[in-house]
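A quick note: this is a predicted structure, and the numbers were derived from the prediction, not measured. Labels below follow one simple rule: chain letters A, B, ... track the order of the sequence lines, proteins then strands, and each chain is numbered from 1.
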Amino acid sequence: MFKDKMVTTAIPERIFALCKIVEKGPIVSYELKEKMEPEYLENGSVYFNDYKNAALELGLISISDDLISLAVDAKVIKNIECMRTYINSRLEMFNTGQFYLVTKAYFEKGSDIFKEDKNIANLGPLFTQMTNYPVDAVAMRSWRFWAQFLGFGYLQEMFIIPNACVFLWDTICNASLEKERMYSVSEFVNAITPMSNIIIDSDTANRTFNYGVSNGLRALQDVGKIKMDHILDQKDTWTLYQLKAYSNDSTITHISIM
Amino acid sequence: MNSEVAKERISYVARPDSITSSEGDFLATHVAVNKLRVLDKFDISPSEKKTFSEEDIFKKYISNPEDMHQFIAVYGQSGTGKSHLIRWFEARYEQSKPKDEVILFIRRSDNTLKGTIRQLLEKPEVQGISNKDVYERLLKASLSVDENKLKDMIYHNFIIEIHNDQDEQDIKITNVKRKRLEAFLNNEVVHDYLMGEKGPIERIYSKIAEHTLVDRDTVAKFKKEDFIVTAELADSIYSAGADPKAEKMARELMADESGIEDAKKIADYLNQFVSEVIQRCAGIEPGDFKQIFMDIRKELYRLDKKLTIFIEDVTSFTGVDTAILDALLEAHTGKRDGEKLCRISSVVGTTNSYLQDNFKDNHKDRITKYIYIPSDVLDENGLYEFVARYVNTMSLSEDVISDWAAGHANPEDYPIHDVIEGKNWEYIDISHEKKINIYPFTKRSILYFYQNVLEKGHQTPRYIIRDIIEPVVRDAIFNKSNFPSIDVKIVNVNTTLSFRIHSQIRNESSADRLLKFMSVWGNGAPDQYEKDGKTYISAIQKELFDDFGFPILNMDVIQAPTPESVNPINSVNTVSPVNNEAHTEGNDQIVPDAKIKKLNEANTLLTKWTNDHVIDISATVGAAGTVHSAVYDEMPDYLYTAINWQAEGISMDNAKKVKDSSVLFIALEGQTKKEGLYTLPATWNNLNILLAFIRWKEYGNKSWNYPDADFDAYLITTWTESIRKELVKKVSEYKDGEESRYIEAAVTAEMYRIILAGEFREKSLKNFNGQTLLASKPNKLANNSHSTEWRSLLNVMSQKGADVNNQQTVRRYFNIGQGGASSNVVLDSLLLSKVFGKVKRNKLVIAEDEKQSDDKIKQRRDAYAFLNDIEERLDNVAKAELSAGREQIQRIYDAFGDDEVGEEELSIFTERVNKFYEEANKSQVNVKEVPLDGIKKRDQIKKAISDIASVLDEDDSLTIIMAFSGDPIKTLKPLVEIIENLEKEVEKANNIVTTKKASLGTDGFEDTGEDRYSEELKSIQTNKQKLEGMVNA
């Protein structure tokens, strides 16, 4: 799923449900499958292996002799937000996978994504070209579930509006940035990039936050989780995507975690 | 502005009624009007384009250079400045009148009939008139009646007039209607309604009473609106137990079209009695008034004087208006009772409608000239000067103004106040190169108020004083730290400016205050520019912000505008229309003008919403329709996909039910129809959100591909994050703080359905498992032996597919779906086991106080309704089923002669039956063989008997229906049929045997002794011996 191609059936909520069953104790694969997709439901297909494998990829479970066990501390799956924060901390491990590459390309596209087809299932060719990785409609449909869940944007019908506020906040938490402390913008970027290269260009030379990241930072500021400042005469500056109505000053030098 | 002086003076200067201000203040605030029209014939809305200045008219007509009899009517809408102009004419004429001219200025200072007469008699020139003592006595007989009594007198006098109407009036109504009207007016509810604060009696009372606060241009008449009966009023009338005639009238007046016509007719009919009622209640007769005037004119003629009379407001004369007009219109050239009258020149003020409706045609024909004051009597500069002169006058002490007035009020000597506050504010040029500082106004703010705050028809001097000058100046001098705190409605707020202010100023009231200042006092654009070394933000000089302690926010730097860009007064709207809507700079997309217009109209409506906190978007067309679509369609569709309901712990079944319900996800604050789970407050930011949804639909054709969509997308997503938790909470809850538990009802009902459908036939719920619950398919048992009640319940459950719907609810609720695309079910097994376990533990009982049958989400409520349909019939079903079962089983017990019927008993029974047939066969008794196939499955019969027997003494309905779930009656039916058939056959056999016995002998029936066959035996014995003899021989 994350290592390679995406599949629509391996959605986060199924992985979470699976983990919660496994949390109660190791269980053989068939029994687990029967709990989630019992034969009597007469489903046409069995999805179990798809989401079980995704959970395995993400390191949430382990399998030994067909016995499935929880591979993480219980607090990782205390609730689905905890699981999301955990997954967001591990995305860089899959930086050659389809999900990672498509997400990166999506953010690089900036607000130009609005000029593309509003049904992302039709954007396979575009992302195939951008990622050099074959991306088909199924992969894009699958991507939307995870892009929404992991906090890269908001799903509107079959389109994702880029706004990484949820992902960025998870990353800020994962980076253990201190609250009520003002960081220079470079300090901030350095602290979060190990986990956020997926949306922040690792080549930070241009010192510009793309549209989706800028939306995320502004949204976090609006809800009072961070504060962005432009302190004059500071050389360490980054530029947010220009949103005229938001502010005529898109340059920031410092970010405080509130 | 000199606020120290203004605090003292504002109450005296800013008076909407010019007549009550001092001479000095009157002259100091006077602005010459130049758009007057002069007509020979009355025209309510003159098309005459030629305009005159007040000075032109004064010289040509008012000063009466030809010394002729004349009657000049000055008319215009209420508040246009008629009184002001007449007062100015009077003041001007006082300065230049001939010596033999007597000027009578009839004020409406107390605005009553008697007050007007009193003013006439107080004039020094008429102190010698005949009958003066009689008139004064008449006035002194002042009404000492209290207000309520006087109003009641007026009211009941109308009823008396109706009662005594002998069809002598021009407007007639039928006798039946008259009686209904009388009953209607006698109704207590109607009485209270018409006597209300804004009712007709109050208006009429104002013309009689000495002191009232009714609008001075009020016409003492009934209006059709007074008689339009609303549903609410009708309800009150009915519930108070009205006379049937009054009720009929109320019903007639409620009708949509005919009701309005009837109301008008009644108003017109009653208006015929107004003069008479007023006179009667005031204690004055029409003749009195006429006589006063004639006596005054005779007296003046005797003194060799001529009369110029200025009547500020002829409406004061309601009740005697015909008499006064007759008196004024009568020329001195004619003779009256052989006595001569002085020449009279009359300048009479009246409103358009009064002139049109109350002046008879013969009066109108005799009017010399009509002077029309248009509503927009002030041009743009006149408006500025008008405000400036008021600001100036209230900043000057009374002494300064009085001195100037006493010195002939020369314009060149016009005093200008020393500016204490607002040195950097704008100045207005007036004559003689004088300049007046207009703090706390800007020209833009004056225009804004004029065009957007004053209602149409109120853009007149009176309302400029009352609704602009007085409140704004008061706000600035008495409440400076909160200025502008007055309730100004911002029209077409610039959403960019609004967002920028609110995103940088956290205190919402401070942000609102700044937005109001920049939008009303400035141009409302998020721009700043430099001009002549000064910075202008939203076209307001930066220093002006400091005067009121506003924070300075950086805006987008633009080129200073050219002078041509200043809007003229008539180019409504002066405020730049919305957020540089769809500007195409640097963008190759162009939004059609029609769509921009559509958005601007929606913005206007939504801006009004943020001001009024009320909005009606029930219409599906126009601006309301545009907003309707955003609230009813675009927002819920977006939120349904943008919020990851499953990740938030909400089943997609619940989310979908809410989405499909009549309750909106989001409703607007003050929305008149339809409720929502989350109420969007009427704030600027939320206005932006709504407009973003509208632009997405209109500009982008449901995409974000349009100019500045990047900002809208940002707005929407950030807003989603801000409301997500609250909305999720609302969707998950049945009521505040109480989780929705409709799934428990749905699972309970589904379990009942499965039991009743015979798909689960055990006596205990213990083995009722997930498979039973989820793998069941609804089916109708066409062929069963259940009671009528049982079958009827199954029918009820399947009505309108309720059973299928409930089953789908259960199946969907526990499914972890993927966007609704797959029909496969992946179970949330932990949730299923939690809910299922609870329902089973509670033995399918949900306590009444735990039921959420009044859930506002109908689709969730359906689960309770379905369950209720089952529960309310369950006891009867159980009772009926048990009764039928008992009957069956009793039949069996009776047949077996035992109440323990098991396999052994059934086996014995079978043997006995077989033996019966053997014997019958042997005995050659012809009986029909009854097949015993029906009792081959003895174990089933045994179980059926046991099932029924186990609940014969049971009260619990669930236990009973579970016992009957497998339809044991049907299982027992063959056995009972066998028993019944056998009984028939046995009876039949008995009958045959009896018949045979009977045929053995006529008396044989009673004789059962050993000799019964002795003769036959003898005969057989004899014959036997013979045969043996023959064989042996």
Side-chain angles (χ1 to χ4, degrees), chain A residues 8-9 11-14 16-17 20-21 24 35-48 51 79-81 84 110-111 113-116 118 141 144-145 148-149 153-159 161-163 165-166 211 214-215 218-219 221-223 241 243-249, chain B residues 495-500 503-504 506 526 554-557 579-580 637-638 641-644 646-649 688 696 700 702-706 708-722 770-771 774-775 811 816-819 821-831 833:
Chain A
T8 51
T9 50
I11 60 172
E13 297 81 9
R14 287 175 182 162
F16 181 68
K20 292 304 279 186
I21 298 171
K24 294 187 179 296
K35 278 185 181 290
M36 298 187 75
E37 296 178 68
E39 293 282 351
Y40 62 76
L41 289 175
E42 297 175 0
N43 286 329
S45 325
V46 176
Y47 301 157
F48 177 71
Y51 51 86
N79 55 47
I80 201 164
E81 286 86 8
R84 185 195 65 216
S111 62
I113 197 70
F114 294 144
K115 293 177 182 166
E116 302 298 337
K118 59 188 177 186
R141 285 196 200 100
R144 82 185 195 277
F145 292 130
Q148 179 187 34
F149 174 72
Y154 291 81
L155 182 65
Q156 185 180 32
E157 296 175 8
M158 283 297 285
F159 186 79
I161 308 171
N163 183 333
C165 67
V166 174
Y211 175 66
S214 299
N215 278 354
R218 285 185 169 118
Q221 176 166 268
D222 287 352
V223 296
Y241 175 90
L243 274 182
K244 187 174 167 246
Y246 189 89
S247 165
N248 55 351
D249 185 2
Chain B
T495 51
T496 302
L497 176 69
S498 166
F499 186 87
R500 203 173 281 178
S503 65
Q504 292 180 61
R506 290 292 163 201
N554 286 328
M555 296 288 158
D556 302 323
V557 177
N579 193 21
N580 47 42
D637 286 350
Y638 164 75
T641 54
I643 291 178
N644 194 347
Q646 292 187 137
E648 299 290 347
N688 290 338
W696 173 79
K702 299 197 170 183
S703 82
W704 299 103
N705 190 14
Y706 59 87
D708 296 332
D710 50 1
F711 179 63
D712 284 347
Y714 162 74
L715 269 184
I716 297 287
T717 50
T718 305
W719 168 75
T720 311
E721 199 53 33
S722 71
Q771 180 169 1
L774 296 168
R811 207 174 155 96
I816 308 170
Q818 51 186 68
S822 172
S823 59
N824 273 19
V825 173
V826 177
L827 285 180
D828 186 341
S829 60
L830 294 183
L831 180 64
S833 116

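Of the two parts of A/Ile21, the backbone and the side chain both hold a non-hydrogen atom closer than 4.5 Å to a non-hydrogen atom of chain B. Heavy atoms closer than 4.5 Å to chain A are found nowhere in B/Leu831, neither backbone nor side chain. Only the side chain of A/Tyr241 comes within contact range of chain B, with heavy atoms under 4.5 Å apart. Looking at A/Arg218, both its backbone and its side chain come within 4.5 Å of chain B, counting heavy atoms on both sides. Heavy atoms of A/Lys20 lying under 4.5 Å from chain B belong to its backbone as well as its side chain. Contacts between A/Pro12 and chain B at a heavy-atom distance below 4.5 Å are absent for every atom of the residue. In this structure, chain B has a heavy atom under 4.5 Å from the side chain of A/Ser111, while its backbone stays farther away. Of the two parts of A/Asp222, the backbone and the side chain both hold a non-hydrogen atom closer than 4.5 Å to a non-hydrogen atom of chain B. With a 4.5 Å cut-off on non-hydrogen atoms, A/Ile80 touches chain B through its side chain but not through its backbone.
The choice from A/Lys118, A/Glu37, A/Met36, A/Gln156 that makes the most heavy-atom pairs within less than 4.5 Å of chain B is A/Gln156. Interface remark: of the candidates B/Leu715, B/Ile643, B/Leu830, B/Asp828, B/Leu830 forms the most heavy-atom pairs closer than 4.5 Å to chain A. Among A/Pro162, A/Ser45, A/Cys165, A/Gly153, the residue with the largest count of heavy-atom pairs under 4.5 Å with chain B is A/Ser45. Ranked by heavy-atom pairs under 4.5 Å with chain A, the first of B/Ser722, B/Ala709, B/Gly770, B/Ser833 is B/Gly770. Between chain A and the options B/Thr717, B/Asn688, B/Leu774, B/Thr720, the largest number of non-hydrogen pairs under 4.5 Å is found for B/Thr717.
Contact detail for A/Glu13 and B/Ile816: the closest heavy-atom pair is CB-CG2, 3.6 Å.
No close placement of the A/Phe149 and A/Phe16 rings is indicated, their centers lying 6.0 Å or farther apart.
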Worksheet item: Checking side-chain contact (heavy atoms from CB on, under 4.5 Å) for the pair B/Leu497/B/Met555: CA distance, chi angles, key distance, verdict?
Response: CA-CA 9 Å; B/Leu497 176 69; B/Met555 296 288 158; 3.8 Å; yes

Worksheet item: Given A/Phe159 and A/Ile113, is the side-chain contact (heavy atoms from CB on, under 4.5 Å) satisfied, shown in steps?
Response: CA-CA 10 Å; A/Phe159 186 79; A/Ile113 197 70; 4.1 Å; yes

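Under the side chain to side chain donor-acceptor pair (under 3.5 Å) criterion, A/Ser214 pairs with no residue at all, not counting sequence neighbours. With sequence neighbours excluded, the residues forming a side chain to side chain donor-acceptor pair (under 3.5 Å) with B/Glu721 are A/Tyr154, B/Arg724, listed by chain and number.
No salt bridge links B/Lys702 with B/Asp637; every basic N to acidic carboxylate O contact stays at or beyond 4.0 Å.
Taking the six-membered ring where tryptophan is involved, the planes of A/Phe114 and A/Tyr211 are perpendicular, since the angle between them exceeds 60° and thus also 30°.
Counting non-hydrogen atoms of other residues, nucleotides and ligands closer than 6.0 Å to NZ of A/Lys35 gives a total of 12 or fewer.
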